[in-house]
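Report on one structure; see the data block that follows.
Naming: A, B, ... by sequence-line order, numbering from 1 per chain.
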Amino acid sequence: MKRTEILKISFIKSLPILFSYLFIGAAYGILMQQAGFPLLSVLLVSTCVYTGAFQFVLTTLMASGASLITIAVTAFFMNSRQTFYALTFLDDISKTGRRKLFMVHSLTDETYAVNCTLELPPEEKREVMFYVAAFSHVYWLTGSLLGAVVGQLLPFSTDGIDFCMTALFVTIFLDQWEKSNRHFPALLGLTVGIVCLLIFGEGQFMLPALLLVSAVLVYDNSRRTKEAEKA
Amino acid sequence: MSLYVVLAILISALVTFSLRALPFLLFSGNRKMPGWLSRLGAVLPSSIMAVLIVYCLKGVKSDIIGTGVPSAIAVLVVALSYKWRHNTFLSILFGTAVYMVLLRVL
């Protein structure tokens, strides 16, 4: 396949990402600008961290002066799903040569989802994966910088744009709910989240909630595995 | 940018990249992931998303009318529109627009 054809396929495959990254990226840029962070920090986060959902949470954590440990642990839990994404494409990404570091860095929910839909011969699939990842990173950067710059010029107040983050999580939550036939993990997360919020308060509840949820899930999994072995 | 912000960003970047790179360091070749970890990976995302929704809505109890009602209605708009079209982008757009309008009207 010629390079132009590879680029064409990659661009078409990346179109859904184009719209959502420009919009969500812009909301992120506006949020950062509202919270008083400089343009350079928006550029830095969108380049080096590059993980949609966590970037929003990072903004609120930094704005409230959360401890670096809380930030690290929240990043760990929120982005641990990327580890499982990487597992799916272990073989493909291992064969990308000098693009490997970028391929590892640019794994996101959205590029993962698009990569899952690629039905091409291995060589061409890896090429398309690379360009989809590269395009997506550019969309995200463009969106966030646009938001940070244009946000201040908008003729109306952007208060409430942070709801974008809630909406994103609700859609992912529903998507996961529909895909699984066992809703215990989702309901556990809601219950533990609310209980920890009431006990520890707004500023402190994330860390205990995430640890408690993981512990209960590991216990529940081992219990169910044992039962399955007995049966 | 303060040192705190720079450190917060660098730590976040480091943790995130390590998580993405972890499988390549641990499970390349013949080494496979231990069972308990892959089982955790299958169920953890739904729980984390649920905790994050609680995190996003944590402020509502301090201002039920001002932010609680708009949040509740907007979450409903997101959920119903997502059920209807399964389009993440549209649901986020609708929900955020409804929230921003309600915030000013109520």
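A/L61 touches chain B through backbone and side chain together, each having a heavy atom under 4.5 Å away. For a residue to count as touching a neighbouring chain, one of its non-hydrogen atoms must lie under 4.5 Å from one of that chain's; by this rule A/E178 touches chain B with the side chain only. Both the backbone and the side chain of B/I9 come within contact range of chain A, judged by heavy atoms closer than 4.5 Å. Looking at A/V57, the atoms closer than 4.5 Å to chain B (heavy atoms on both sides) sit in the backbone and in the side chain alike. B/L57 touches chain A through its side chain: at least one heavy atom from C-beta onward sits under 4.5 Å away, while N, CA, C and O do not. Both the backbone and the side chain of B/Y55 come within contact range of chain A, judged by heavy atoms closer than 4.5 Å. Residue A/L198 touches chain B through its side chain alone, counting heavy-atom pairs closer than 4.5 Å. Both the backbone and the side chain of A/I194 come within contact range of chain B, judged by heavy atoms closer than 4.5 Å. A/V213 touches chain B through its side chain: at least one heavy atom from C-beta onward sits under 4.5 Å away, while N, CA, C and O do not. Contacts between B/I11 and chain A at a heavy-atom distance below 4.5 Å involve the side chain alone, from C-beta outward. With a 4.5 angstrom heavy-atom cutoff, A/M206 touches chain B only via side-chain atoms. If you measure heavy-atom distances from A/F56 to chain B, you find no contacts under 4.5 Å at all. For B/V43, the parts sitting under 4.5 Å from any heavy atom of chain A are the backbone and the side chain alike. With a 4.5 angstrom heavy-atom cutoff, A/L168 touches chain B via backbone and side-chain atoms both.
Between A/S20 and A/I24 the shortest side-chain heavy-atom distance falls below 4.5 Å. You'll find the side chain of A/L107 reaches within 4.5 Å of the side chain of A/I93, heavy atoms only. Residues A/F169 and A/L174 form no side-chain contact, since every pair of their non-hydrogen atoms from C-beta on lies 4.5 Å or further apart. Considering only heavy atoms from C-beta on, B/S46 stays 4.5 Å or farther from A/W177 through its side chain. Inter-residue side-chain proximity for A/F184 and B/S47 is flagged as unmet; no heavy-atom pair is nearer than 4.5 Å. Taking 4.5 Å as the limit, every side-chain heavy atom of A/D159 sits out of range of all side-chain heavy atoms of B/M100.
A donor-acceptor contact closer than 3.5 angstrom is absent between the side chains of A/S222 and A/T225. Side-chain contact, B/Y99 with A/T166: no donor N or O sits under 3.5 Å from an acceptor N or O. Of the N and O atoms on the side chains of B/R20 and A/T51, not one donor lies less than 3.5 Å from an acceptor on the other residue. In the model, A/Y219 has no side-chain atom that pairs as donor or acceptor with a side-chain atom of A/S214 under 3.5 Å. For the residue pair A/W140 and A/E110, no side-chain donor N or O sits within less than 3.5 Å of a side-chain acceptor on the partner.
Of the listed residues A/F205, A/F77, A/F163, the one with more heavy-atom pairs under 4.5 angstrom with chain B than any other is A/F163. In terms of heavy-atom pairs under 4.5 angstrom with chain B, the leader among A/I161, A/L101, A/L58 is A/I161. With respect to chain A, the highest number of heavy-atom pairs below 4.5 Å among B/A74, B/S91, B/A42, B/A79 belongs to B/A74. Of the listed residues (A/M165, A/Q176, A/K100, A/M78), the greatest number of heavy-atom pairs within a distance under 4.5 Å of chain B belongs to A/Q176. Taking B/L44, B/L22, B/I53 one by one and counting their heavy-atom pairs under 4.5 Å with chain A, the maximum is reached by B/I53. In terms of heavy-atom pairs under 4.5 Å with chain B, the best-connected choice from A/A53, A/C48, A/A66, A/G201 is A/A66. Of the listed residues (B/I92, B/L10, B/T67, B/V75), the one with the most heavy-atom contacts under 4.5 Å to chain A is B/I92. By number of non-hydrogen pairs under 4.5 angstrom with chain B, the leading residue of A/V192, A/I172, A/L210 is A/I172. Of the residues considered (A/I71, A/V216, A/L217), A/L217 shows the highest number of contacts with chain B, using heavy-atom pairs under 4.5 Å.
Chain B is approached within less than 4.5 Å, heavy atom to heavy atom, by A/F37, A/P38, A/L40 from residues 25-40 of chain A, ordered by number.
Looking only at distances, a side-chain donor or acceptor of A/T59 sits under 3.5 Å from a matching main-chain atom of A/Q55. A donor-acceptor pair is defined here as one N or O able to donate and one able to accept, closer than 3.5 Å; no such pair exists between the side chain of A/N79 and the backbone of A/Q82.
Partners of B/L7 under the side-chain contact (heavy atoms from CB on, under 4.5 Å) rule, at least two apart in sequence or in another chain, are A/L68, B/L3.
In this pair, A/F102 and A/H137 present their aromatic rings parallel. The plane angle is below 30°, not in the 30 to 60° band.
For A/D220 and A/R182, the salt-bridge test passes: some basic side-chain N is under 4.0 Å from an acidic carboxylate O. Here A/D175 pairs with A/K179 in a salt bridge; the nearest charged N to carboxylate O distance falls below 4.0 Å.
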